[in-house]
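To start, the structure under review is shown below, and the notes come after it.
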Amino acid sequence: MSVWFNPAREIEALLRQAAEAVPTLGKGFNPELKPSDPRHADFQANGVLAAAKAAKANPRALATSLVEALRQQAGWDETLVQVEVAGPGFINFKLTPAALGAWLREYRDESKWRAGAARLMGGQKVIIDYPSPNTAKQMHVGHLRPIVIGEAVARLIAFCGADLIRDNHIGDWGTNFGILILAIRRAKFVLDPQSPEVLEDLERLYKEGSAATKADPALLEAARAELAKLQSGDPENLALWEQIVAVSNAACQRIYDQFGLKTDYILGESFYRDKVEQVYTELQQCGLAEESEGALVVWHDEEPRFSRQAETKLPFIVRKKDGSSNYASTDLATLLYRTQHFKATEIVYVTDGRQQDHFQQLFLTGKKWFQATQRTLPRLRHVWFGTILGSDGKAIKTKSGDPVRLQALIDEATQRAFESVTNKSPDLPEVERQHIAKTIGVAALRYADLSSNRTMDYSFSWEKLLSFEGNTAPYLLYANVRVRSIFRKLNLAVGQGETGASDPTTPTEIALARKLLAFTAALDQALEELRPHHLCTYLHELASAYGAFYAADNVIVDEPDVQARRLMLCARTSAIMETGLRLLGIEPLERM
RNA sequence: GAGGGGGUAGCUCAGUGGAUUAGAGCAGUAGCCUUCUAAGCUAUUGGUCGCGGGUUCGAUCCCCGCCCCCCUCGCCA
């Protein structure tokens with residue numbers, strides 16, 4: 001029999017089969033298998049309680065019948081999984097050391113786990129839309145979450161077997177370009193793409209232009225005219241716009257590089273400028289869109305707040321009253337393009353939570369539009385996140401009220417990490433300490449963002465972030481470094497020296513082994529709702545389990561079989577830790 | 001007013017589709033480095049799981065009502 005990659009799923013499947021032989025249960029029985037408190041079991045099935053209640057049967061007797069039927073199933077092996085009825089009618093499952101050992105010997109490395117996880121999303125074509133910044137601005141703290149969460153979610157989806165395309169849907173066609181172009185002209189500013197301050201200059205010009213147009217209606221008109229010229233293809237404005245976008249993209253790329261963020265496409269709003277006309281036409285043809293106050297809008301009467309009857313009207317405006325497009329238009333055009341050109345089966349949008357209304361309207365409109373035009377709608381998911389708060393409980397800002405620059409954040413984290421590394425490991429060469437510091441600094445920034453539920457706001461605190469203790473990236477990196485150190489000491493590569501490994505034996509070995517197997521459950525959980533914090537929680541628990549093992553059981557010992565099995569546990573710990581860290585976007589370290 | 005999110009230990013947060021003592025990290029207390037990196041490990045203090053009802057043998061979790069905080073609500077994205 002092949003070794004189960006994900007025991008919980010296999011047990012659940014067997015329970016469903018077994019239930020068919022139990023008259024009270026039958027087909028459609030949901031075992032409700034879930035991870036259990038480790039003090040009781042590895043997994044527990046709660047489904048019998050509900051079924052017994054519905055059938056007015058004795059839950060314990062029913063659970064016992066189910067267990068008997070389970071034991072009759074082909075593929076059931078009591079030497080691998082112990083089963084018992086507990087409490088009012090729960091069924092507990094406990095993996096035996098033999099099962100743990102078999103799993104550890106079979107699922108050795110990332111390629112095996114990828115293969116095991118591939119059934120989760122194999123065959124899917126997924127487009128992920130992130131980090132999608134607006135053009136002509138420096139990256140600031142507000143860009144941290146889409147970068148970090150987007151990258152983690154992307155890696156998770158790809159790991160689970162999907163064919164993934166990363167599409168950076170930049171905001172490069174908005175109304176702000178009119179103001180910016182006007183400001184550049186008025187200041188007679190010469191845009192030098194080589195200048196390191198070019199983006200700061202553009203930001204300053206935009207601010208000035210924005211203030212000027214607010215103060216003077218004539219200037220506002222002039223700005224609109226510049227935008228109209230741009231959108232109608234005026235060569236001068238187009239050339240200027242292209243330069244701005246290029247400069248902006250280059251600056252963003254410098255940040256992306258530091259976060260290890262890759263993009264396959266940068267198809268911003270401007271890419272869809274000749275594709276919105278079709279959207280207007282089709283939406284009107286299928287009776288979805290109508291004129292309202294001069295704009296073209298879509299109502300969703302079945303949703304109270306998007307209906308015509310709502311107290312405060314919130315239609316989906318797909319074309320502005322001046323005839324120009326907005327993000328609803330381009331998002332609809334983008335949806336069509338991704339469906340037709342990329343053949344997407346799923347699209348994931350990573351943005352902050354304030355855009356929930358927009359995406360609900362987008363998804364509703366897309367659904368009706370595609371239905372009316374006989375197209376297949378991909379699965380659409382909005383992966384949204386909360387705000388990063390400062391110590392005052394409000395969105396984080398600098399003292400002057402400006403957003404904190406992302407580069408400044410990276411630099412400070414790196415600098416503090418460098419001090420720590422130098423303090424702890426003064427003997428390492430300075431070049432290596434700098435590399436370690438950069439890795440830790442960026443990792444700490446990332447992990448702080450990923451480790452709490454993405455839909456929560458979270459408080460940014462240098463103290464917590466840079467403390468390098470507790471549930472942090474440095475703790476995980478350090479746990480892995482300690483594993484690798486053992487192999488280095490023995491002059492072995494990770495994965496060598498485990499021939500003849502016996503099954504986990506001591507309590508700390510068994511606890512560690514069970515935690516290693518729980519990797520599959522953590523993947524399931526993180527993937528389910530695309531919430532990377534489940535993976536963080538898991539990795540922290542794994543590091544803790546390793547810490548206890550490391551303190552209790554010496555790896556380098558005289559008995560060959562004991563050393564072999566402990567080396568096997570070490571190798572799996574390191575491999576799962578490194579795989580997990582990379583899924584989060586964190587590059588592991590050899591030393592620190 | 002409508003919609004979304006949150007209210008769990010001093011602080012930052014997990015969790016629970018019903019099981020005994022509700023978890024973790026920080027902070028506090030007490031131990032552990034001649035031995036695989038102590039950025040660590042062990043033990044321990046600390047909580048009416050916002051408030052009030054309901055269903056149930058049993059609710060932090062499900063249902064109803066209420067209170068507080070954050071966000072969004074017609075042409076920005």
Side-chain angles (χ1 to χ4, degrees), chain A residues 30 32 34 36-37 39-40 44 46-47 49-50 53 86-90 92 132-134 169 171 173-176 269 292-297 303-306 310-322 324-328 330-331 351-358 360 384 386-387 389 393-395 417 420-421 423-425 440 448 451-453 455-459 461 463-464 467-472 474-479 481-490 533-534 536-537 540-541 543-544 546-557 566 570 591-592:
Chain A
N30 180 4
E32 292 180 39
K34 58 171 199 172
S36 191
D37 184 326
R39 285 169 292 195
H40 298 125
Q44 62 184 68
N46 297 353
L49 280 176
K53 194 163 199 172
F90 302 108
N92 285 350
S132 311
N134 281 331
H169 191 72
W173 203 241
T175 46
N176 53 336
E269 289 164 357
S292 169
E293 297 177 23
L296 189 65
V297 308
E303 284 290 329
R305 69 187 183 286
F306 302 141
E311 287 177 49
T312 40
K313 303 281 187 288
L314 188 56
F316 195 48
I317 297 168
V318 297
R319 189 180 62 202
K320 298 194 276 188
K321 66 180 169 196
D322 66 2
S324 59
S325 63
N326 65 359
Y327 70 136
T330 48
D331 274 2
T351 83
D352 79 87
R354 289 175 301 190
Q355 297 187 39
Q356 284 177 90
D357 282 344
H358 168 73
Q360 283 183 20
W384 62 272
T387 310
L389 306 176
K394 301 245 166 96
S420 289
V421 176
N423 189 29
K424 301 284 180 190
S425 308
I440 293 179
S451 57
S452 67
N453 199 332
T455 53
M456 298 271 281
D457 294 345
Y458 78 91
S459 311
S461 134
E463 201 174 279
K464 184 188 170 193
S467 75
F468 302 143
E469 282 173 24
N471 185 11
T472 64
Y475 176 80
L476 302 184
L477 289 167
Y478 181 68
V481 158
R482 291 208 292 176
V483 183
R484 299 198 75 105
S485 167
I486 291 172
F487 286 94
R488 196 164 51 238
K489 181 114 182 170
L490 289 171
H533 78 281
H534 286 121
C536 295
T537 303
H540 180 244
E541 286 170 0
S544 296
Y546 180 76
F549 160 79
Y550 181 89
D553 298 317
N554 275 328
V555 176
I556 301 173
V557 293
R566 290 184 182 165
C570 287
R591 299 191 289 187
M592 62 190 274

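Numbered from 1 within each chain, the chains take letters A, B, ... in sequence-line order.
Put simply, A:His533 has a side-chain N or O that comes within less than 4.0 Å of OP1 or OP2 on B:G15. Between A:Thr472 and B:C26 there is no side-chain polar atom (N or O) within less than 4.0 angstrom of OP1 or OP2. One finds a side-chain N or O of A:His534 lying less than 4.0 angstrom from the OP1 or OP2 phosphate oxygen of B:G15.
Side-chain atoms of A:Gln44 come within donor-acceptor range of the base of B:A19, with a qualifying N/O pair under 3.5 Å. The base of B:G74 does not come close enough to the side chain of A:Thr312 for any donor and acceptor atom to sit less than 3.5 Å apart.
At the heavy-atom level, A:Glu541 lies nowhere under 4.0 Å from the strands shown. A:Gln360 comes within 4.0 angstrom of nothing in the nucleic acid, heavy atoms only. At the heavy-atom level, A:Val483 lies nowhere under 4.0 Å from the strands shown. In this structure, A:Asn453 reaches the sugar-phosphate backbone alone: every heavy-atom distance under 4.0 Å involves primed, P, OP1 or OP2 atoms, never a base. Across all strands shown, A:Thr455 has heavy atoms under 4.0 Å from sugar-phosphate atoms exclusively, and none from any base. Residue contacts for A:Lys489: at a heavy-atom cut-off of 4.0 Å it reaches the sugar-phosphate backbone alone, with no base atom in range. A:Pro315 comes within 4.0 angstrom of a nucleotide base, judged by non-hydrogen atoms across all strands. When heavy atoms are screened at a 4.0 angstrom cut-off, A:Asn176 is found touching no nucleic acid atom at all. Note on A:Asp553: a base of the nucleic acid sits closer than 4.0 angstrom, heavy atoms only.
Relative to the side chain of A:Asn554, the nucleotides B:U35, B:A24, B:A19 differ in distance, and B:U35 lies closest. Of all nucleotides listed (B:C75, B:A2, B:G25), B:A2 comes nearest to the side chain of A:Arg305. Listed candidates were B:G74, B:G17, B:C13. Nearest to the side chain of A:Ser459 is B:C13. Distance from the side chain of A:Ser452 is smallest to B:C13 among B:C13, B:C75, B:A19. With B:G74, B:A14, B:C36 as the candidates, the nucleotide lying closest to the side chain of A:Ala295 is B:G74.
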Which atom pairs link the protein and nucleotides 70-72 of chain B when you take only N or O atoms and keep those under 3.5 Å?
none

Per-nucleotide protein contact string for nucleotides 39-47 of chain B, where B marks a base within reach and S marks sugar-phosphate only (heavy atoms under 4.0 Å, - for neither): BSSS-----
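Between the CG atom of A:Asn423 and the P atom of B:A38 there is a distance of 15 Å, given to the nearest Å. Counting to the nearest Å, the P atom of B:G74 and the CD1 atom of A:Ile317 are 8 Å from each other. Nucleotide B:C76 holds its P atom 16 Å from the CH2 atom of A:Trp173, rounded to whole Å.
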Secondary structure of RNA chain B in dot-bracket form (Watson-Crick or G-U wobble, distances below 3.5 Å, | marking inter-strand pairs): (((((((..((((.........)))).(((((.......))))).....(((((.......))))))))))))....
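Using the six-membered ring where Trp is involved, A:His358 and A:Phe316 have ring planes that are tilted, between 30° and 60° apart.
Taking the charged nitrogens against the carboxylate oxygens, A:Arg305 and A:Glu303 do have a contact shorter than 4.0 Å, which makes a salt bridge.
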